[in-house]
Every structure is written in C-alpha cells, then in structure tokens.
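See structure below.
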Amino acid sequence: MIDLRLVREHPDVVRASQRARGADESLVDKLLAADVARREAVKRADDLRGEQKAASQAVRSATPEERPAVLDRAKALAAQVKEAEEGERAADAALRDVHLQIPNVVADEVPPGGEDDAVTIRTVGDIPAYDFPVRDHLEVGEALGAIDMERGAKVSGARFYFLTGPGALLEFALAQLAIGRAVAAGFTPVIAPALVKPEAMEGTGFLGEHDEEVYRVERDNLYLVGTSEVPLAAMHMDEVLDLSGGPRHYAGWSSCFRREAGSYGKDTRGLIRVHWFDKVEMFSFSRPEDTAAEHLQLLAWEEEFLQALELPYRVVDIAAGDLGTSAVRKFDIEAWFPSQGTYRELTSTSDCGTFQARRLNIRYRDADGKPQTAATLNGTLCAVARTIACLLEVHQQADGSVYVPVALRPWLGGIDRITAGMSLAAPIPPGPPA
RNA sequence: GGAGGCUUCGCCUAGUCCGGUCUAUGGCGCCGCACUGCUAAUGCGGUUUGGGUUAAUCCCCAUCCCGGGUUCAAAUCCCGGAGCCUCCGCCA
C-alpha cells in the first residue's frame, strides 16, 4: 500500500509513477475520491457515536419520569449509529479496494520502458571461451550423477528433480557458503517456515499479481511460499522494531514453491525453472531514508557471492514497466549460461520502501519516539538449483568434469574438480581428541 | 484428535461472578519538573495505539487477543475463531 498522505499532497507524483509503469492513471483520482468519501463517513459515524454515548449516559441519570423519553432518543440514536457504521465500513472497503490496486511509486532513477528496457549497469568477469562443444547443465549434471530429472518427473511430475551425489553435496556447499558469508556480514541466519497463513501471503503482496503462482493447501488454509521473503517480512508483522542501530538484516533459508502457471514451454529443460528449489534470501528492515544505500549494499553482497563462485555476470536496472507491485526499484544479476549464449537471471534485489511494511503494520520509532512505517528490502543471495545449473555450465571442462571454485572447496571436502564416478567427500568436523 | 485453564495501555497486575463516571487500578520502566555539591532517595506531573479535526494545540471517535451478537449502554453477558499453557491420545 502506498502512503495516502503522498496521494493527497502530491497526486501528480503518483500519476507520473502510474504512467511510468504503464498502469492506470485514473486510479489516483478514484483513490482520492474514495479517501474523501471515507473521511466523510468516518466523521458522520464518529459524531453520531458521540451523541449516542451522551444519550446513553443520560439514561442512567434520568429520573423515572424522564426515562421513557430519554430511552427512546437513545434507541433512535443507536439505530442511526448502526447505519452510519455500515456506511463507514463500506467506505473503508471501497478505499482499500482502490488503495490495493495501486503499485508502489517508482524511484526517479528507474529506467523508462518495459521488459526489454532494462539498463545494463555493468558487466563483470570475462565470458569464458570453450574449445569443445559446450553442454548444457543437464547434460553435464546427468553425466556426473548430480541431477536426475527423469526420476523427478516420475515421482513428482514435470519441473521436479532429484539432486544426487555430487549434486546434493553442491547444494549443501552453496548453502554453507551463502549462510557463512551472510553471518560474516552481520546477518541473522533464519530457518523460515515454508507454509504460511493467508495474512502473511496477502501482506507481502503475493496474492495479487502472483496469485496464479502460489500453491495453496486448501484443507488447512495455508500457502506454500515462493520465497522466504514472505515469512521473513511477516515475521515482524504488527511489531515496532528498534532500528536506531541501523537496518536489521536476516538471511533466510527455505524451500520455495512456484506453480510456474504462465510459463508452459519456457525453460522446460533442467534446473532453470522448477516448481521447487531452496534459497538463501537476504531481507532488511530499515528506516525509509536509508533504503537507497541499503539497496546498493544488498546488490554488493549478491555480486560478491557470484564473484566468489567465479561466475561472469552483468547487473541490470529493471525498467519501470517490469517492476513488481511493491518495488520502488529493482536490480537483477544475470549470470552467463554458455549453452544459451546469454545472461540469465540468477538473483534479484528490490527496494520496497514502506509499501510492504504498511500493509504488514511493521513500524519503528523515529528520533522523536513516534512510531513510523518501516521500509523493507529483499535480495537473493543464492537460489540453489539455478546456481548449480550455472556452475555446471560455466565451469564445465572438455573431459566432462567440472571445476570447483576456490570458495566452495572447503565445503566439498577440498576437491577442485567434480568428475564422474569420483568418490565423494564432504567436510567433517574433527573428531574428539584421541 | 479429546479435556481444562489463560490472553487487560512497553513489562507485571486490579477489574470480568452481579453490564453503567472503566474517560481501566496499582507497581516497574521511561520522560519532565522540584529538592539536592554530584549520584541516590523523595515529591509532583506525564507516559497505549490508530483515526477524525486543526496552522498547531484543544477536542472528538475507536482500542481490554480477533470477529460477530444481545443491550440505550459490553473489558464485563452470548456465539465463533486465534494464540499460549497443562493433562490424555498419537507421532518424526
């Protein structure tokens, strides 16, 4: 939800934002009208309630002779209040309805245009040259016994997979590396629930535009999250946070479930687009004035992670028309996929300003001690399946083995290469002293 | 799955049986003022959150876990739900 005060005081700013997104500008005027209507309804109901309260007290102090007349008046007022409250409720609902339809106000820096108008900010790392025919990650992974897509389909259907042997170890290695780096950067690690209540899903905005993407557990009225952004954001729902020491950083681990309803025929091969994967997600709660800097910080952490994995990538600034509902600004990092000869999205970080926190009622105390709506930001640190896909492709060798980036080696028992049929190694802690 | 208990303004708590200055009691904490070499102690005053109105204050409305209902009037009575705790059953 956007700030109503902004709409009242600077409707032109919101109109411009709607224009930039290619969204409906007239919603702004509908919202203004609904706001006026609501305030009128509130005032009428408040005034009547005040009168009725007085009348009700009068019943008590009335003499027996006055009593019937006073009681009649109180009854009449009670009926009027009931009616006025119904009007208030209707006006409230009407306002909320329009309010929820308006996406966040885009930042001035956001490039204009739509899906194809993202601006590349920088490209990092050299695109590797291969003196052999490159295979895609599925070929590489199957040959190494790391990915079993066929059995995934047998057991669970299309877009499901088994990670086996070195593939399974890779997942743990990536998780350890990501969480370890996050903790070193001051994040609080969190294992978040992947099933959430409707309030959490609604509050984070995923039942709006992403409704079709969401798995629903009808019987228990719960949803499977598509990202731990949902439980992390909702974790502090209805709370007042202490942000006086700077933003709060969480690194959440959870499985992520996506129906991929609108993507038939897209990325049907391998681990690029699957119904389920695990992910380490960064999430910050910050003061609204700190979000721009915080956003760049999240982006920097994402970049450092990909650099540690020795993956070439580029950073793109997403255009207004392609922003999510709650985002003010969004950067994606696209990594190089040699089999496709192109960069593909590996991480994404959004500044949501106060949009998400307003709905979830997450606040902090400002310098005067007054509660204010907080701001939220999120960013992918490591979407495991897709990252494995990228690693297998970029680091593949002529002999079918895969080079292991230095940073990952401690988590894979020190190996520098994954080869078919190799004996597996994993880090084990030192045993008890002999 | 079954039975019972609990949920009050940051924390603790009175009030709920028997509806009406509950415009919610007291303590802790916090803020201000007074006293005081300083601190402590003491005294006085303030201290939920949201909405409406306003230049701002004043003021008004709502808020006793949430949602309905009864009533002129609900923290209090009735119905439904959530969370927490205890016991039983089942279970990684």
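Each chain gets a letter, A, B and so on, in the order its sequence line appears, and its residues count up from 1.
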Distance, rounded to the nearest Å, where A:L48 contributes CG and B:rA73 contributes P: 13 Å
Toward the 5' end of RNA chain B, by each residue's nearest nucleotide, A:Q57 or A:L71: A:Q57
N-O pairing of A:R365 and A:D242 below 4.0 Å: no
Span that lies between the C1' atom of B:rA34 and that of B:rA41, in whole angstrom: 14 Å
Rounded distance in Å - CG (A:L222) to C1' (B:rA82): 13 Å
Complementary nucleotide for B:rA62 - Watson-Crick or wobble, under 3.5 Å: B:rU49
Short N-O contact, A:D92 and A:R96, less than 4.0 angstrom: no
Salt bridge flag under 4.0 Å for residues A:D267 and A:R344: yes
B:rU21 to B:rC28 separation - P atoms, rounded to the nearest Å: 27 Å
Presence of salt bridge, A:R287 and A:D290, under 4.0 angstrom: yes
Pairing of A:R258 and A:E260 as salt bridge, 4.0 angstrom limit: no
d(CG, A:L241; P, B:rG10) in whole Å: 15 Å
Between B:rA82 (P) and A:D238 (CG): distance, integer Å: 18 Å
Ion pair check, A:K330 and A:D317, cut-off under 4.0 Å: no
A:E304 CD: over 12 foreign heavy atoms closer than 6.0 Å: yes
SB check A:R15 A:E25 (cutoff 4.0 Å): no
Integer angstrom distance from the C1' of B:rG15 to that of B:rG26: 12 Å
Integer angstrom distance from the C1' of B:rU71 to that of B:rC12: 34 Å
Tabulate atom names and distances for all N/O pairs under 3.5 angstrom spanning the protein and nucleotides 46-50 of chain B.
| residue | atom | partner | partner atom | Å |
| --- | --- | --- | --- | --- |
| B:rU49 | O3' | A:R363 | NH1 | 2.7 |
| B:rG50 | OP1 | A:R363 | NH1 | 2.5 |

P-based separation of B:rA14 from B:rC9 [nearest Å]: 13 Å
Side-chain N,O (A:Q52) to OP1/OP2 (B:rC72) below 4.0 Å: no
Side chain of A:K197 - closest among B:rG20, B:rA82, B:rG52: B:rA82
Residue pair A:T291, A:D351: steps toward the side-chain hydrogen bond (donor to acceptor under 3.5 Å, both in side chains) verdict: CA-CA 7 Å; A:T291 59; A:D351 174 358; 3.1 Å; yes
Whole-Å distance separating the CD atom of A:E199 from the C1' atom of B:rG81: 11 Å
C1' atoms of B:rC58 and B:rG52, separation to the nearest Å: 14 Å
Between C1' of B:rG51 and CZ of A:R8, the distance in whole Å: 10 Å
Basic-acidic side-chain contact under 4.0 Å: A:R216, A:D211: yes
Close residues, residues 31-40 of chain A, relative to RNA chain B [heavy-atom separation under 4.0 Å]: A:R38, A:R39
Whole-angstrom distance between B:rA74 and B:rG69, as gauged at atom P: 12 Å
Whole-Å P distance, B:rU8 and B:rU76: 14 Å
A:E88/A:R49 ion pair, N-O < 4.0 Å: yes
A:R386 side, atom CZ; A:T347 side, atom OG1 - distance, nearest 0.5 Å: 10.5 Å
A:H275 and A:F160 aromatic ring geometry - parallel, tilted or perpendicular at 30°/60° bounds: tilted
Within the sub-3.5 Å range, which N or O atoms of nucleotides 61-70 of chain B have a protein N or O partner, and how far apart are they?
| residue | atom | partner | partner atom | Å |
| --- | --- | --- | --- | --- |
| B:rC61 | O2' | A:D46 | OD1 | 2.8 |
| B:rC61 | O2' | A:R49 | NE | 2.9 |
| B:rC61 | O2' | A:R49 | NH2 | 3.2 |
| B:rA62 | OP2 | A:K53 | NZ | 3.1 |

